[in-house]
Amino acid sequence: MTDLLTIARPDDWHLHLRDGPMLAAVAPETARHFARALVMPNLVPPVVTAAGAAAYRARILEALPREAAFTPLMTLYLTEATDPAEVVAAHAAGVVTAVKLYPAGATTNSASGVREMDRVMPVLEAMAEAGVPLCIHGEVTDPEVDIFDREAVFLTRVLEPLRRRVPGLRVVLEHVTTAEGVEYVRGSGPGIAGTLTAHHLVLTRNHLLAGGIRPHYYCLPVAKRARHRDALVAAATSGDGRFFLGTDSAPHPDGLKEHACGCAGCFTAPVALAVVAAVFEAAGALDRLEGFVSRHGAAFYGLPENAGTLTLRRGEALPPAGKLVTGAGPVTVFDPGFALHWKVVPARAGGAAA
Ligand code: NCD
Ligand code: ZN
């Protein structure tokens with residue numbers, strides 16, 4: 001049995017780093033394992049300008065240990081007031097890698113998101129022209145739509161019409177949680193990809209709701225039935241280059257998770273690679289792990305693969321990850337509900353390629 005696995009340094013194509021004392025605590029957790037991460041802009045207030053993205057990037061770099069070889073890739077938060085020319089210029093200058101679409105009200109800090117897709121058409125058309133990818137939180141917010149159906153309804157009600165209107169737009173359907181989402185990405189030709197989180201490769205809605213409510217498993221999109229989870233695992237382990245890791249690691253202080261109206265988000269950064277390795281091992285697909293965590297995403301974004309390697313070693317069960325102490329309060333680390341055996345051996349220097 002393989003007990004040592006060396007792969008190109010991985011990337012996280014969907015990450016929440018927050019700001020201030022939370023940023024200071026969580027950024028090193030990601031930088032320890034990942035060479036690059038696409039950093040979400042849903043701060044309060046959101047990151048809506050190139051200057052805002054550059055300043056946030058500087059704060060992230062400041063939060064990292066000196067020896068960290070980590071490159072934050074920045075995103076802009078799409079609003080109905082976003083200026084097409086600013087987006088195109090910020091991308092051309094290398095300040096932002098992608099633009100993020102949150103339907104207004106879909107999730108944490110999405111109040112400034114998009115209400116009417118018509119109002120962002122000029123931006124999306126300019127992005128298509130300039131090759132700027134759009135990362136999409138793919139859930140409708142219609143209160144009439146059941147929360148477990150919001151992703152599937154988004155595909156037909158919003159995403160398909162959008163892609164017909166702007167066919168050249170490169171799209172990432174983020175944190176796919178349904179068999180329908182997987183099928184949509186598979187059936188849509190080039191120019192579309194799907195990210196998958198570590199936790200959605202493990203969780204079903206039973207983890208969240210059966211035998212007691214477990215707030216640390218509450219995230220958006222919410223975990224679905226086992227058949228959907230199984231479709232995600234099949235997509236991740238298939239070797240299909242359109243699927244890659246975006247952890248959506250989303251820290252909230254425990255006090256806001258264990259709450260009458262708890263926040264959505266699972267903090268997975270410290271264990272994400274160990275969890276994904278366990279899922280790939282169980283599927284007999286460890287030979288495809290590198291593609292999923294280190295190659296497919298860079299290829300989609302047209303970025304070089306990372307220099308340097310990361311080694312995972314299979315051994316004794318790791319101690320439970322417990323909580324990360326942060327200046328914003330303790331944050332519970334995602335517990336997959338089974339023992340983790342793949343430990344990340346500290347990465348060799350080599351750094352991020354871009
Ligand atoms: C994210 C957060 O906390 O910022 N929460 C989550 O449940 N995933 C927002 C998001 O990406 O939906
Ligand atoms: Zn997210």
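Read the numbers this way: they start at 1 and go in the same order the structure lists the ligands and their atoms.
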Path from Val88 to Val166 over hydrophobic side-chain contacts below 4.5 Å: no
Judging by distance only, is a nitrogen or oxygen of [X] under 3.5 angstrom from one on ligand 1?
X: Lys100; value: no
X: Tyr102; value: no
X: Asn42; value: yes

What is the nearest protein non-hydrogen atom to [atom], stated with its residue, atom name and distance?
atom: atom 8 (N) of ligand 1; answer: Asp248 OD2, 2.7 Å
atom: atom 5 (N) of ligand 1; answer: Ala264 O, 3.1 Å
atom: atom 10 (C) of ligand 1; answer: Thr107 OG1, 3.4 Å
atom: atom 1 (C) of ligand 1; answer: His16 NE2, 3.6 Å
atom: atom 7 (O) of ligand 1; answer: Leu220 N, 2.7 Å

Under 4.0 Å to a heavy atom of His137 - the qualifying atoms of ligand 1, by number: 12 (O)
Contact atoms of ligand 1, heavy-atom distance to Gly265 under 4.0 Å: 5 (N), 6 (C), 7 (O)
Intermediate values then yes/no, side chain to side chain contact (heavy atoms under 4.5 Å, CB included), Phe243 and Val185: CA-CA 8 Å; Phe243 296 99; Val185 171; 3.7 Å; yes
N/O/S atom of His14 inside 2.8 Å of the Zn ion (ligand 2), strictly under: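 Under 2.8 Å: His14 contacts the Zn ion (ligand 2) through an N, O or S atom.
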Presence of N, O or S from His16 under 2.8 Å of the Zn ion (ligand 2): yes
Euclidean distance, Leu38 CG relative to Thr195 OG1, rounded to 0.5 Å: 9.0 Å
Among His16, His137, His200, the one residue meeting ring pair (Phe, Tyr, Trp, His ring centres under 6.0 Å) with His175: His137
Check against side chain to side chain contact (heavy atoms under 4.5 Å, CB included), Thr6 and Leu310: CA-CA 6 Å; Thr6 296; Leu310 174 135; over 6 Å; no
Test item, Met40 contacting ligand 1 (heavy atom, 4.0 angstrom): no
Ligand 1 contact by Glu174, heavy-atom criterion under 4.0 angstrom: no
Candidate with minimal heavy-atom separation from atom 3 (O) of ligand 1, of Arg18, His199, His175, His14: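 Residue with the shortest heavy-atom distance to the ligand atom: Arg18.
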Parallel, tilted or perpendicular: rings of Tyr217 and His207 (30°, 60°): perpendicular
Proximity of Phe34 and Phe70 rings by center, below 6.0 Å: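 No, ring centres 6.0 Å or more apart.
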Any side-chain donor near an acceptor of the partner, Thr197 and Asp248, under 3.5 Å: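 No, Asp248 and Thr197 have no side-chain donor paired with an acceptor closer than 3.5 Å.
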Polar side chain donor-acceptor pair, His252 to Arg18, under 3.5 angstrom: yes
Cys219 contact mode with ligand 1 (heavy-atom cut-off under 4.0 Å):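 Under 4.0 Å from ligand 1, Cys219 contributes backbone and side-chain atoms.
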Atom CD of Glu258 with >12 non-hydrogen neighbours under 6.0 angstrom: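 Buried by this count: over 12 neighbours within 6.0 Å.
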Asp248 atom (N/O/S) at minimal separation from the Zn ion (ligand 2):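 When I compare the N, O and S atoms of Asp248, OD1 is nearest to the Zn ion (ligand 2).
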Cationic tip of Arg170 above Phe300 ring, under 6.0 Å, 45° of axis: yes
